[in-house]
Amino acid sequence: MRTIVLYQSSTGCAEKYAQDIASAVGATALPLKKFKWKTLKDYECVVFGGWVRNGVIQGLNDFLVHYDDMMANKQDIIIFSSGMSIPTKDGRAELISSNILDLYHVRYYQLRGSFDMEKLSFVNKLIMKRSLQYIAQDESATPERRALLSLLDRPIEYYDQDGVGKVVTLINRISTQARE
Ligand SMILES: Cc1cc2nc3c(=O)[nH]c(=O)nc-3n(C[C@H](O)[C@H](O)[C@H](O)COP(=O)(O)O)c2cc1C
């Protein structure tokens, strides 16, 4: 079974996850913008991973523009996100809701990624600094939100091996079913 892994990444986490998933299942990983959609039919399983900015999975809309084609081709769709939040049931539900993923027939995985202020583009750094300033001034901010202030001077390094394993297992399971 052929699988393609597409991604949109700003500092490399979603890209690394996409490459590791692809290499574990013998597939290719490609930036979403470089994928030639006219080759979509060559694949039985399509994976997309994007980084999260203010609750929105980047690149997801551009990917889902092709949802009807993927459904018509009877392709399996797997989506993962890379964000700095610690994955929780509620956090996952929030991401599903803010990205209206429940409208689609897809499997979704929330992978925790790294965060490094120094690696951000000018615009993303500005947005993040503004958000952190806002939290610093907000007296009612929860301890969890206050903890984000440490991001200014200390990067988070995280790799969700377990999450990668789950996505790989799912692709392998789909592949086995396709052969049966
Ligand atoms: C402006 C901005 C907003 C962010 N918003 C969120 C967010 O809402 N939730 C989250 O989990 N992570 C958020 N992050 C963190 C990134 O999603 C995280 O660092 C991710 O691992 C980056 O993936 P990438 O390296 O593939 O770009 C934000 C980062 C920036 C710069």
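Order of listing sets the numbers, starting from 1, for every ligand and every atom in it. Computed from a predicted model, the values in this text were never measured in an experiment.
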Residues passing the ring pair (Phe, Tyr, Trp, His ring centres under 6.0 Å) test with Phe63, sequence neighbours excluded, are Phe48
Give a yes or no on whether Glu157 atom CD has more than 12 heavy-atom contacts from other residues, nucleotides or ligands under 6.0 Å away.
no
Applying salt bridge (Lys or Arg N to Asp or Glu O under 4.0 Å), name anything that partners Arg146, two or more places apart in sequence or on another chain.
none
For Asp162, give me all partners under salt bridge (Lys or Arg N to Asp or Glu O under 4.0 Å), at least two apart in sequence or on another chain.
Lys166
I'd like the contact residues of ligand 1, where contact means a heavy atom below 4.0 Å.
Ser9, Ser10, Thr11, Gly12, Cys13, Ala14, Trp51, Val52, Arg53, Asn54, Gly55, Ser82, Gly83, Met84, Ser85, Gly113, Ser114, Phe115, Leu120, Asn124, Ile127, Met128
Near-ring test Phe115/Tyr158, centroid separation under 6.0 angstrom:
no
Does Lys125, at its NZ atom, have more than 12 non-hydrogen atoms belonging to other residues, nucleotides or ligands within less than 6.0 Å?
yes
